[in-house]
Structures are given as structure tokens and as C-alpha cells.
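One-based numbering, in listed order, for ligands and for the atoms of each.
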Amino acid sequence: MAAEGIVDLIGNTPLVRIRHLTEHLPDSVEIYAKLEYFNPGGSVKDRPARQIVLDALARGDLGEGKILIDSTSGNTGVAYAMLGSSLGFEVNLVMPANVSQARKDIVEAYGAKIIFSDPLEGSDGAIILAKRTVENDTEGKYWYADQYSNPSNPLAHELTTGPEIFRDTGGRITHFVSSLGTTGTCTGTGRALRKLKPGVQIISVEPDAAFHGLAGLKHMDSSIVPAIYDRSVPHRNLSVSTEDGWDYAELLAAKEGLPVGYSSGAAFAGALRVASEIDEGVIVCVFCDHIDRYLPPRKMKK
Ligand SMILES: Cc1ncc(COP(=O)(O)O)c(C=O)c1O
């Protein structure tokens, strides 16, 4: 059946079993990945961007002539830009100047405008500059989407990602592993799974250091903590190094046919750690985006 527009093609992404990189595990321990790069904007962030935009349109916040503005390390920006071009509103994105060229090119192709923040200040610098831009907006031309505080962000995952995972594992999921950026994926999916299957374990993954190379992720102790972060959702938190995230991203491309971004490598490292601790279980992790967002990728080590 034909879709009415790109907005209807977000979600219902595939779940795939990881086979080769799990060969050392007993058959009774299964790891699956939800391939969020199958979304039309190429990342998990299509889901919260859609919910944020549709909720704002329903409230009338993003009415005639208003410009959506938000800070983003890239993927949410691509999603907003795609929705803006499809639904007909302007998009301004505050991004650290060092986000990959691929991301800048994609959002500009959709017609969005980029406001660059200090690369040394990372995603927090983009948040601060977005807030300042909105505060100085005397004409009231902006609507500030604020993905870090907007409850529509986790709600998107509570309504879609969680139920899809429950459905596609036939209710067998025992552990959910999710990386932390805005925390929307972990918080919303975790909430849904806890309701659908009490006893399921929710595990968050974050970088092990303030300065890290896991694009999209936040080291909470050294960052502005997102208002939507609900620490009661994950049962435990794992720290993953940049090296492990990068190495597993390379291995997933080379051994599984899954050319994912570095946060996916980190989530998989977390899933393997959980797998090493149990005798049986069905672990699901989220692969948030595709390596093409980071081109040219780090040279493969042989
Ligand atoms: C590549 C990537 N991985 C992981 C995340 C984290 O997802 P969330 O913001 O839902 O915590 C993001 C968020 O921007 C991302 O872009």
C-alpha cells in the first residue's frame, strides 16, 4: 500500500539476529539488533522528531510561518529537516561546527539552515547557543523543539520502538540495551517494555569519558543532563570506551553486513557484556544509524 507521505514511513524497522560475533555464546543466549537506519531519514531520531513535530502542530505551536529550531549533533537535525521539507515548515539547526560533512550536506539538501556552535563545547555548546538564539528572538519567529526536555521524545519510543521490539521477539525479550544521548530511546522504550513485560532488564550504555568519539552519546557526569532523563527506567548503566565502540562498529560491518555508526558499536559492546553474564536470554540492542553518516570512516585495521 502506498504511503501518504514520508512521515508515514517512519518506524517498523527490522530486528535482526547477530550471528557471527556471538558464536562464542551458548545457543540459549541470543542477541538481536533493531536496525534504525532503515528509517527514511536514516536514524532512530526520525521517531522523536516526528512525535515532536506532530504534537507541536496539533497544539498550534508550529503554526503559520514559525521556524522550528533545535540543537542537534546531527541525526535529529536530519529528521527535522526531512519533516520540514515534507510538511512545509522552515528548520534552523544549531550544530557543533565539527559534525561530519555528510550530516551538514544532508540537512542542507533538505533545505534546512545550520547555525554552527563552538566545536570544543560539543553538544552542550549547541544546546546553550540554541537557548540563547531563542531568548534573543524578539520577533517570535522560532518554535524551540528542545529535544532534551520535550516529553514527545521518549513518548515516540514508548508508543513505537518498545511495542515493535516486544512484538518482533514474540514477547521473548529479557534484556534491552540502549545508548544514551538525549536518553529518549532508553527512557521511552524502557518504559514500554517494563509495562509489556515486567521483569525485563533495561540497560543503558554511556561513554566512559567526558571526551569521547561516540557521536550522539552523552557522558552524563560531565554533561548537561537532559530533563527527560528518567533514572528510574534503566536497571543498570554500562560504560563503554570509544575504542570498543569503534572496533565493534567495524566488526559489525565486516562480519555481519551491518555498516553501523559508532554508537551502535557501543550498544553492541554493552549487549556482549550482558550476554557474558547470563546462561540464557534474548538481548535486544538498538543500532541508531549507518556508517555513511560519518564518511569517510576511520580506516579499517587489519
Ligand atoms: C547516532 C546516535 N546514537 C545514539 C543516540 C542516542 O539516542 P537518544 O537521543 O534517544 O538517547 C543518538 C541521538 O542523537 C544518535 O544520534
Side-chain angles (χ1 to χ4, degrees), residues 13 33-37 39 41-52 70-81 93-96 99-100 102-103 106-107 122-124 126-127 145-162 176-192 202-207 212-220 223-231 233-234 237 240 242 245-246 248-249 252 258-270 285-295 297:
T13 53
K34 189 148 176 71
L35 304 184
E36 287 298 297
Y37 59 82
N39 280 305
S43 87
V44 70
K45 305 304 295 203
D46 283 10
R47 295 176 190 264
R50 172 179 61 183
Q51 193 74 39
I52 286 170
D70 209 352
S71 61
T72 158
S73 58
N75 283 330
T76 314
V78 174
Y80 287 141
L93 303 167
V94 185
M95 289 183 175
V99 297
S100 71
R103 288 190 205 204
I106 297 165
V107 297
S123 59
D124 283 355
I127 294 173
D146 197 0
Q147 58 164 332
Y148 292 94
S149 310
N150 194 321
S152 302
N153 174 355
L155 182 64
H157 296 288
E158 190 170 351
L159 294 177
T160 67
T161 320
F176 174 66
V177 180
S178 172
S179 59
L180 294 178
T182 67
T183 75
T185 308
C186 184
T187 302
T189 310
R191 277 184 188 145
I202 311 296
I203 298 109
S204 56
V205 167
E206 67 175 303
H212 64 86
L214 300 171
L217 304 192
K218 261 181 183 282
H219 176 257
M220 289 301 165
S223 305
I224 300 174
V225 176
I228 57 170
Y229 188 22
D230 180 351
R231 287 181 196 267
V233 173
N237 184 52
V240 171
T242 296
W246 287 30
Y248 280 116
L252 286 160
L258 299 171
V260 291
Y262 303 122
S263 75
S264 307
F268 184 63
C285 57
V286 181
F287 288 176
C288 292
D289 66 1
H290 194 280
I291 194 68
D292 64 9
R293 285 286 147 89
Y294 307 93
L295 291 173

Any side-chain heavy atom of Thr183 within less than 4.5 Å of one from Lys218? no
Over 60° means perpendicular and under 30° means parallel, so classify the ring planes of Trp246 and Tyr262, tilted if in between. parallel
Per-ligand residue contacts, ligand 1, heavy-atom threshold under 4.0 Å: Lys45, Asn75, Ser179, Leu180, Gly181, Thr182, Thr183, Gly184, Thr185, Ala215, Gly216, Leu217, Ser263, Cys288, Asp289, Tyr294
Closest approach of Asn150 to Ala145 (non-hydrogen atoms, all atoms of both residues): ND2-O, 3.0 Å
Using a 3.5 Å distance criterion without hydrogens, assess whether the side chain of Thr76 forms a donor-acceptor pair with backbone atoms of Lys45. no
Mark yes or no for whether Thr182, through its side chain, and Tyr148, through its backbone, hold a donor-acceptor pair below 3.5 Å. no
Non-hydrogen side-chain atoms of Thr13 and Lys34 separated by less than 4.5 Å: yes
